[in-house]
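A quick write-up on the structure given underneath.
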Amino acid sequence: MPERDYDHPDVVICPDGPLLLRNATSVQDADGVVHDVRRPVVALCRCEKSSRLPWCDGTHKVIPRG
Ligand code: FES
């Protein structure tokens, strides 16, 4: 069983923000489109307001909380 590095987990849920993925190689969006990942860490939008879906563009920071 591989050792886990909890200081650098594979997925981090940011409160009121994106999901951070570490060492992902691809992401399939809700339409089934597969996006290649070329960076060690990427941020996936959870608010659905990003202009660069599926990636977070920071728009969540200006959305009023419910
Ligand atoms: S979570 Fe950042 S723009 Fe949606």
Side-chain angles (χ1 to χ4, degrees):
M1 180 179 238
E3 275 192 41
R4 298 288 182 191
D5 181 352
Y6 291 108
D7 289 336
H8 300 283
D10 296 336
V11 179
V12 175
I13 301 171
C14 299
D16 300 317
L19 285 179
L20 300 181
L21 302 183
R22 188 180 306 276
N23 298 324
T25 56
S26 65
V27 169
Q28 181 174 327
D29 67 23
D31 296 324
V33 177
V34 176
H35 302 265
D36 289 336
V37 174
R38 296 186 174 87
R39 294 188 296 175
V41 178
V42 291
L44 278 183
C45 177
R46 290 197 299 156
C47 72
E48 299 290 323
K49 303 297 184 193
S50 172
S51 63
R52 299 178 49 239
L53 287 171
W55 315 118
C56 170
D57 68 355
T59 300
H60 64 271
K61 295 175 187 171
V62 296
I63 297 172
R65 294 185 197 171

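Counting starts at 1 for both ligands and their atoms, following the listed order. If you read the sequence from its start, that first residue is 1, and numbering goes on from there. Any value given below was found using the heavy atoms of this structure, including those in side chains, with hydrogens, waters and symmetry copies removed.
- Close contacts of ligand 1 with Cys45, meaning ligand atoms under 4.0 Å from a residue heavy atom, involve 1 (S), 3 (S), 4 (Fe).
- Residue-ligand proximity, Asp57 to ligand 1, at heavy-atom distances under 4.0 Å covers atoms 3 (S).
- Side-chain contact check for Asp36 versus Thr25: every heavy-atom pair is 4.5 Å or farther apart.
- Defined by atom type and a distance below 3.5 Å, a donor-acceptor pair is missing between the side-chain atoms of Asp16 and His60.
- Put simply, the side chain of Arg39 never gets that close to the backbone of Asn23: no donor and acceptor are under 3.5 Å apart.
- Between the side chains of Asp57 and Ser51, at least one donor N or O sits under 3.5 Å from an acceptor N or O.
- Among the atoms of Cys56, no N, O or S atom falls under 2.8 Å of atom 4 (Fe) of ligand 1.
- Tested against Arg22 for a side-chain contact (heavy atoms from CB on, under 4.5 Å), the candidates Val11, Val41, Val42 yield a single pass: Val41.
- Atoms of ligand 1 lying under 4.0 Å from at least one heavy atom of Arg46, given by number and element, are 1 (S), 4 (Fe).
- Contacts with ligand 1 closer than 4.0 Å are made by heavy atoms of both the backbone and the side chain of His60.
- When each atom of ligand 1 is checked for a heavy atom of Thr59 under 4.0 Å away, the hits are 3 (S).
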